[in-house]
There are 2 protein chains.
Amino acid sequence: MTRSEENYLKTIFHLGGGDSKSITTNAIAEQMETKPSSVTDMAKKLSEKGLVDYVRYQGVSLTAVGVKTALSIIRKHRLWEVFLVKKLDFTWDEVHEVAEQLEHIKSEKLVDKIDELLDFPKYDPHGDPIPTKDGKFQERDEKLLSEMPINSQGVCVGVKDSSVPFLKFLDKNRIALGNTIKVLDKEDFDNSLRIQMEGKEMRISHQIAANLYVKKND
Amino acid sequence: MTRSEENYLKTIFHLGGGDSKSITTNAIAEQMETKPSSVTDMAKKLSEKGLVDYVRYQGVSLTAVGVKTALSIIRKHRLWEVFLVKKLDFTWDEVHEVAEQLEHIKSEKLVDKIDELLDFPKYDPHGDPIPTKDGKFQERDEKLLSEMPINSQGVCVGVKDSSVPFLKFLDKNRIALGNTIKVLDKEDFDNSLRIQMEGKEMRISHQIAANLYVKKND
DNA sequence: AATTAAATTTAGACAAATCTAAAAATAGAT
DNA sequence: ATCTATTTTTAGATTTGTCTAAATTTAATT
């Protein structure tokens with residue numbers, strides 16, 4: 001399994017190709033910042049290896065083996081992210097790039113030992129769930145802050161957008177995972193929110209609210 | 001800097017090409033288990049990049065920049081080895097293969113933080129010195145056990161051969177770095193030694209003694 | 001149903017890193 | 001100093017992953 005193959009599987013999974021849903025070559029190309037023709041080539045290759053189902057002009061979806069492989073890479077990526085933050089004091093906006101490299105290290109023992117060292121974490125620094133060794137996903141009952149009704153409360157558990165600028169913005173505004181959130185009011189005009197976060201009242205734009213996952217109370 | 005380029009620099013350094021000594025393409029090819037013609041190609045490439053001095057038919061040696069680059073890779077390799085042993089309970093015969101991968105991860109912060117986490121180790125699990133961040137080497141006053149005179153004493157500080165079989169052999173015979181060693185007698189016939197290790201008397205072959213580094217007392 | 005726009009694939013090319021086989025240079029022996 | 005054996009390089013081919021440009025298929029519209 002080459003690094004490139006692994007990256008394709010990961011991308012296809014992130015685009016939803018794990019649920020036997022067909023992902024177009026265009027969508028994959030855009031996500032990976034490559035050309036559709038390159039995706040076609042790789043689709044054939046992965047298909048030959050039994051990792052994806054590929055029908056010409058119809059896009060690709062992951063086979064069971066493909067899903068398993070993708071999950072193992074995602075597992076590694078997220079475990080390394082936790083390691084970088086918890087053990088090496090990286091900030092959550094610094095970890096992605098390095099984890100992109102570390103996720104390709106081939107050593108089952110290494111991953112398992114890192115998992116153990118971290119005491120088997122369930123979520124990465126951005127709140128994304130870490131698949132278990134046997135490829136199980138811990139789905140979480142979370143919704144976007146922008147979809148929470150007025151007066152509902154919850155805890156901030158993840159980010160949808162984990163780009164560096166967004167993460168830095170959150171840091172600057174003292175918005176962190178684990179914070180309690182209550183929706184006080186919604187502004188019809190621009191969909192901005194008035195919220196209480198850790199007791200402090202603040203106003204946030206729809207853009208922000210639509211990229212924060214909250215676990216609702218009760 | 002590609003992974004392949006890094007591996008060539010590392011190999012040339014290990015073959016002594018850091019002291020403006022010319023290393024033959026054949027020697028490099030043999031060490032890397034590749035063909036001399038491939039080495040020639042890479043020699044040209046590295047020469048163009050100013051990392052090696054290359055004269056046709058005369059072999060290659062590292063430039064100052066080449067040495068610095070090689071040392072930074074070796075530094076990473078050895079720090080990762082320490083990490084694997086100290087933090088993840090790998091045995092010293094398991095670390096090389098994984099470190100060969102980890103040494104190519106590109107993140108200065110990552111290396112520095114690993115260094116810090118390990119409290120700035122000076123030697124790797126096989127007793128090889130870890131270059132400092134600015135490329136300095138801590139040479140050690142060590143000699144091979146096979147060259148120690150009768151009745152001399154010392155501490156086992158490193159292995160010359162760090163192959164898996166040799167390391168496993170040492171484990172099985174309770175020979176570890178840090179052990180005290182005294183040479184009791186040498187057998188002229190086969191150059192085998194009678195030694196006292198950690199108070200216990202034992203006999204070892206020349207083959208073994210010629211691959212153990214000892215720091216002599218006084 | 002025919003036409004057109006968009007998406008997708010094919011064909012052919014390229015760069016990196018490797019190989020084989022043949023040619024060239026070096027070094028050792030007489 | 002010449003010859004020969006060895007080492008080293010060159011030339012051309014291969015594989016992987018990518019690209020561009022052209023051709024094909026699909027989907028949308030009328």
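Note on naming: letters A, B, ... go to the chains in the order of the sequence lines (proteins, then strands), and numbering restarts at 1 for each one.
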- Residue A/Gln58, side-chain heavy atoms: nucleotide from D/dT26, C/dT18, D/dT16 that is nearest: D/dT26
- D/dT10 base / B/Thr40 side chain donor-acceptor hit below 3.5 Å: no
- Task: Consider only side-chain N and O atoms of B/Asn26 and B/Thr24, and report whether a donor and an acceptor are under 3.5 Å apart.
- Result: no
- Task: Ignoring backbone atoms, establish whether A/Thr24 has a side-chain N or O less than 4.0 Å from OP1 or OP2 of C/dA7.
- Result: no
- To the nearest angstrom, the OH-C1' distance between B/Tyr57 and D/dT10 comes to 8 Å
- Query: Are B/Thr34 and C/dC19 close enough that a side-chain N or O sits under 4.0 Å from OP1 or OP2?
  - Reply: yes
- Distance-only side-chain donor-acceptor flag, B/Trp92 / B/Asp124, under 3.5 Å: no
- OP1 or OP2 of D/dT18 less than 4.0 angstrom from a side-chain nitrogen or oxygen of A/Ser4, does that happen here? yes
- Message: I'd like to know if B/Ser37 reaches the base of D/dT8 with its side chain, counting only an N/O donor and acceptor under 3.5 Å.
- Response: no
- Message: Distance check needed: C/dA7 P versus A/Glu30 CD, whole Å only.
- Response: 10 Å
- Phosphate contact (D/dT16 OP1 or OP2) by A/Tyr8 side-chain N/O below 4.0 Å: no
- Whole angstrom is fine here: how far is it from CD in B/Glu5 over to C1' in C/dT18? 14 Å
- D/dT24 phosphate, OP1 or OP2: any side-chain N/O from A/Arg56 under 4.0 angstrom? no
- Message: Can you work out whether B/Val39 or A/Met42 has the more 5'-proximal nearest nucleotide on DNA chain D?
- Response: B/Val39
- Note on the structure: When rounded to whole Å, the NZ to P distance for the pair B/Lys35 and D/dT7 reads 14 Å
- Length of the line joining A/Ile28:CD1 and D/dT18:P, which is rounded to integer Å: 13 Å
- Here the distance between atom P of C/dA16 and atom NZ of B/Lys44, to the nearest Å, is 14 Å
- Describe the nucleic acid contact of B/Ser38 in one word from base, sugar-phosphate, nothing, applying a heavy-atom distance below 4.0 Å. base
- Message: Can you see whether B/Tyr123 has B/Arg140 sitting over its ring - NZ or CZ less than 6.0 Å from the centre and within 45° of the normal?
- Response: yes
- Query: Looking just at side-chain N and O atoms, do B/His126 and B/His96 make a donor-acceptor pair shorter than 3.5 Å?
  - Reply: no
- Item | Integer-rounded Å distance: D/dT25 P and A/Asn26 CG | 18 Å
- Nearest-Å distance, CG (B/Asp41) to P (D/dT9)? 10 Å
- Query: Reckon A/Tyr54 has a side-chain N or O less than 4.0 Å from the OP1 or OP2 of C/dT8?
  - Reply: no
- Query: So, do B/Phe83 and A/Phe83 have ring centers that fall under 6.0 Å from each other?
  - Reply: yes
